[in-house]
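See below for the structure under consideration.
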Protein chains: 4
Amino acid sequence: MNTHSFLVLFGRDRRHKINKKEKNNKYHLILKAAVKVFARQGFYQSTVAQIAREAGVADGTIYLYFKNKDDILVHFFSYRTKQVFERFRAEVNKSDNSLDKLRNLIRRHLTEFQRDRDMAVVYQVETHQNSRLAEDQIREMSQMYQDLVSEIVETGQQEGRIRKDLYVGLVKRFILGAVDEVINTWLHSDKNYDLVSMADPLVDLFVRGIGTSD
Amino acid sequence: MNTHSFLVLFGRDRRHKINKKEKNNKYHLILKAAVKVFARQGFYQSTVAQIAREAGVADGTIYLYFKNKDDILVHFFSYRTKQVFERFRAEVNKSDNSLDKLRNLIRRHLTEFQRDRDMAVVYQVETHQNSRLAEDQIREMSQMYQDLVSEIVETGQQEGRIRKDLYVGLVKRFILGAVDEVINTWLHSDKNYDLVSMADPLVDLFVRGIGTSD
Amino acid sequence: MNTHSFLVLFGRDRRHKINKKEKNNKYHLILKAAVKVFARQGFYQSTVAQIAREAGVADGTIYLYFKNKDDILVHFFSYRTKQVFERFRAEVNKSDNSLDKLRNLIRRHLTEFQRDRDMAVVYQVETHQNSRLAEDQIREMSQMYQDLVSEIVETGQQEGRIRKDLYVGLVKRFILGAVDEVINTWLHSDKNYDLVSMADPLVDLFVRGIGTSD
Amino acid sequence: MNTHSFLVLFGRDRRHKINKKEKNNKYHLILKAAVKVFARQGFYQSTVAQIAREAGVADGTIYLYFKNKDDILVHFFSYRTKQVFERFRAEVNKSDNSLDKLRNLIRRHLTEFQRDRDMAVVYQVETHQNSRLAEDQIREMSQMYQDLVSEIVETGQQEGRIRKDLYVGLVKRFILGAVDEVINTWLHSDKNYDLVSMADPLVDLFVRGIGTSD
DNA sequence: CATGAATGAGCCTTCATTCAT
DNA sequence: AATGAATGAAGGCTCATTCAT
């Protein structure tokens with residue numbers, strides 16, 4: 001007996017809630033199917049019919065949950081990706097040490113993107129597009145990430161673990177860019193290596209650079 | 001015997017020369033127009049008619065120089081972008097010192113992408129797509145870039161300027177990723193700052209990292 | 001034996017009455033809502049969902065009272081409009097004098113159409129359509145109207161008040177057409193004048209024409 | 001050898017003109033086909049595919065000549081119907097006598113609408129619609145017609161042939177309405193009688209009315 | 001070589017209708 | 001009886017590509 005049947009048997013009066021959940025389920029069902037299709041073929045190469053087929057619903061059903069095709073992408077960013085980025089913050093907060101914060105962030109980043117490859121692909125593509133359909137959502141997430149790095153750098157500088165002569169704006173791009181590229185390479189590879197194992201070497205590069213100390 | 005066969009028999013040489021030149025001109029004309037349109041609207045959002053209008057030719061003319069719409073993008077990568085990447089090599093060769101090589105590479109990279117913004121946009125988008133129309137070309141260029149970094153790292157290690165305990169494969173992504181992100185941010189900004197000025201601080205980060213030495 | 005059969009056996013009368021009344025209520029509710037929506041947007045531009053919303057019922061409920069969308073229009077004509085046209089007859093019967101009959105008819109016509117603007121619009125549109133969904137109903141009403149005019153003319157001819165050298169078939173169209181156009185103009189105006197006030201001048205035109213007597 | 005090949009052989013220098021005409025022809029071809037389909041099924045029941053088939057062109061070709069489906073109707077009114085209404089004016093100008101002017105107008109009206117039945121149907125439907133796609137064009141034509149009637153009435157009043165105690169605004173609707181209804185009835189009949197033969201009896205009704213003189 | 005009118009496959013979206021609840 | 005989520009057929013429109021001139 002699983003959680004669901006438990007609710008059915010003992011939680012009858014929660015009927016409305018269950019319905020709510022089922023409705024929610026279809027929303028998520030379509031969203032997940034859409035991201036899968038987008039990941040495989042790209043947004044513009046994907047058809048609503050393909051998404052519907054992937055989700056196992058009729059074409060028209062899509063429009064009960066999303067305004068139009070574009071809207072699916074917007075929802076993906078404002079729901080799924082935002083969710084992931086909020087986990088990043090939680091991870092950073094787990095430690096007080098700046099370098100641990102950084103390591104936690106990178107590890108989590110790679111972990112989440114490895115776990116949900118479809119999300120990773122769509123995220124990569126869309127954030128590098130010029131005319132971004134989910135412009136606002138992307139900007140918001142980017143800001144969230146940069147704030148985390150800012151916080152890490154500031155903490156590190158106070159601790160004396162991070163250099164004080166840094167242009168923080170550049171550090172943000174430096175870190176995000178490197179992580180993105182590691183993910184991007186993984187996505188275009190055969191993916192038969194562990195993405196998360198890149199975290200520690202990467203952090204090492206961030207902190208110590210490639211140069212010798214002298 | 002019609003007009004055409006007359007020219008074929010008696011006007012061959014002259015005709016061929018003129019055609020060659022015109023063809024070349026129009027080929028580049030269309031290519032440039034296409035990249036401009038792609039940069040503005042994305043590949044799939046751009047229409048052949050728009051490219052033709054931008055180039056000042058008829059729609060049908062496009063098909064005298066390119067097999068189809070996809071082919072334009074392939075040509076862009078195999079012609080224009082390859083050209084740029086070859087300049088990177090030349091730049092790296094200008095110095096014997098590994099860190100100078102690196103600095104030269106990054107500077108040239110930023111210089112070229114700042115100079116031709118349309119190319120930059122199309123390059124960014126296309127290299128992050130999953131289903132890459134110009135798969136082969138992109139792979140080739142990526143390889144070219146990575147070879148440069150490999151060479152720099154090896155040189156540096158021999159010189160004692162670059163750490164020996166590095167996973168070179170990761171260093172490549174580390175560097176390319178950071179540069180890409182700096183460019184990407186610039187492309188999505190108001191572009192009223194000098195991209196090339198990011199080169200030296202970036203190289204400094206690559207070499208020394210963000211950590212304090214102790 | 002279930003709840004339903006219990007009611008069938010012991011509660012027949014009461015149940016039927018209630019149902020009949022509720023059904024009737026909802027039937028009229030939907031019909032009125034439909035006409036309102038049709039008047040605003042035209043039949044084909046109106047959706048069943050809009051009608052349902054306007055009536056405050058669920059989409060599916062419509063189909064408990066009407067076979068399909070077309071059927072609503074048919075019912076409108078066979079119920080509402082027919083009702084109106086029957087009042088015309090009553091009005092004509094109120095007088096024995098042919099010209100009074102005519103005046104009463106025109107007045108009533110304008111009065112009813114001014115009172116129920118939605119009906120007026122739908123009637124106007126539908127009677128001028130080529131492929132009439134409510135073909136039979138419209139034909140029947142048209143016949144009803146023409147019979148009234150026939151009767152008026154015949155009475156008038158016997159009284160010596162109406163010319164005997166008339167092609168009665170044409171007179172019918174002459175009168176109905178003029179009234180229709182007066183209504184049509186009113187419907188497309190700002191409607192801030194009294195439609196009924198047109199009755200007497202109109203009857204005057206019907207009777208005396210625009211020419212001088214000599 | 002047919003007409004076409006004759007032109008090809010001997011009429012070469014008219015090449016451009018022929019093209020121009022053919023182009024024009026396709027515009028008219030589609031317009032005519034569209035009106036035919038609209039007349040048969042109504043605007044909203046007609047599909048672009050049907051129009052294309054009727055015109056013998058591809059669906060997409062429609063959009064080379066018209067912005068969208070609505071635009072076809074607008075063009076119909078601003079081109080074809082306007083043309084007809086301008087002939088009305090010419091006809092009215094043919095005589096100086098007010099009653100002859102009126103007779104000429106009515107005759108021409110019935111003649112043109114009998115000649116082009118498709119136009120007649122579309123005109124009837126569209127002018128009685130509430131939400132008129134060709135609102136402006138219809139208003140303009142209506143005005144044109146009313147101006148003609150105004151002119152006729154004024155002339156007649158000066159001549160002493162038309163009563164001076166008339167509300168001219170009503171006379172316009174009185175006349176147009178009756179004519180419209182005569183046409184409307186004809187359109188919904190088997191059309192095996194001559195519409196134009198209604199002109200004289202109708203004018204007689206307009207001028208003398210149905211009443212006896214005393 | 002160059003043109004651009006014509007094509008028609010394909011896609012997004014709407015909406016009348018059904019049916020499980 | 002009533003609901004409204006789900007369906008899927010159908011239609012307007014776009015646009016890459018062709019080909020007669």
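These values consider heavy atoms only, across backbone and side chains, with no hydrogens, waters or symmetry-generated copies.
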Would you indicate which nucleotide in [options] comes nearest to any side-chain atom of [X]?
{"X": "B:Leu64", "options": "F:dG8, F:dA6, E:dA2", "result": "E:dA2"}
{"X": "A:Val57", "options": "E:dA6, F:dT7, E:dG4", "result": "F:dT7"}
{"X": "B:Tyr65", "options": "E:dA6, E:dC1, F:dG4", "result": "E:dC1"}

Exercise. How far does the C1' atom of F:dT21 sit from the matching atom of E:dC1, given to the nearest Å?
Worked result: 13 Å
For this session: Establish, with yes or no, whether the OP1 or OP2 oxygen of F:dA1 is under 4.0 angstrom from a side-chain nitrogen or oxygen of C:Lys26.
Result: no
Between atom [atom1] in [X] and atom [atom2] in [N], what is the gap in whole Å?
{"X": "B:Phe66", "N": "E:dA2", "atom1": "CZ", "atom2": "C1'", "result": "15 Å"}
{"X": "C:Asn25", "N": "F:dA2", "atom1": "CG", "atom2": "C1'", "result": "15 Å"}
{"X": "A:Leu29", "N": "F:dA5", "atom1": "CG", "atom2": "P", "result": "16 Å"}
{"X": "C:Ile30", "N": "F:dT3", "atom1": "CD1", "atom2": "C1'", "result": "12 Å"}
{"X": "B:Ile51", "N": "E:dG4", "atom1": "CD1", "atom2": "P", "result": "17 Å"}
{"X": "B:Leu133", "N": "F:dA16", "atom1": "CG", "atom2": "P", "result": "13 Å"}

Problem set entry | Secondary-structure string, 5' to 3', Watson-Crick or G-U under 3.5 Å, | for another-strand partners, for DNA chain F | .||||||||||||||||||||
For this session: Could you pull out all residues at least two apart from B:Phe77 that satisfy ring-ring contact (aromatic ring centres under 6.0 Å, His included)?
Result: none
Exercise. When rounded to the nearest 0.5 angstrom, what is the spacing between CG in C:Leu133 and OH in C:Tyr44?
Worked result: 4.0 Å
Exercise. Are D:Leu31 and D:Tyr65 side-chain neighbours, meaning at least one heavy-atom pair lies under 4.5 Å?
Worked result: no
Exercise. Are any non-hydrogen side-chain atoms of C:Arg40 and C:Glu54 less than 4.5 angstrom apart?
Worked result: yes
Seminar exercise, completed: Scanning both residues in full, the closest heavy-atom pair of C:Ile72 with C:Ile62 reads CD1-CG2, 3.9 Å
Exercise. Between C:Ile30 and C:Ile51, which heavy-atom pair has the shortest distance, and what is it?
Worked result: O-CG2, 4.1 Å
Problem set entry | 5' precedence on DNA chain E between D:Ile62 and B:Ile62 (nearest-nucleotide basis) | B:Ile62
For this session: Return yes when atom NZ of D:Lys36 has more than 12 non-hydrogen atoms of other residues, nucleotides or ligands closer than 6.0 Å, and no otherwise.
Result: no
N/O to N/O distances under 3.5 Å, protein versus nucleotides 14-18 of chain E:
| from | atom 1 | to | atom 2 | distance (Å) |
| --- | --- | --- | --- | --- |
| E:dA16 | OP1 | C:Ser46 | O | 3.4 |
| E:dA16 | OP1 | C:Lys69 | NZ | 3.4 |
| E:dA16 | OP2 | C:Val48 | N | 2.7 |
| E:dT17 | OP2 | C:Tyr63 | OH | 3.0 |
| E:dT17 | OP2 | C:Lys69 | N | 3.0 |

For this session: Just say parallel, tilted or perpendicular for the rings of C:His28 and C:Tyr79, cut-offs at 30° and 60°.
Result: tilted
For this session: Look at the aromatic rings of C:Tyr27 and C:His75 and report parallel, tilted or perpendicular, splitting at 30° and 60°.
Result: perpendicular
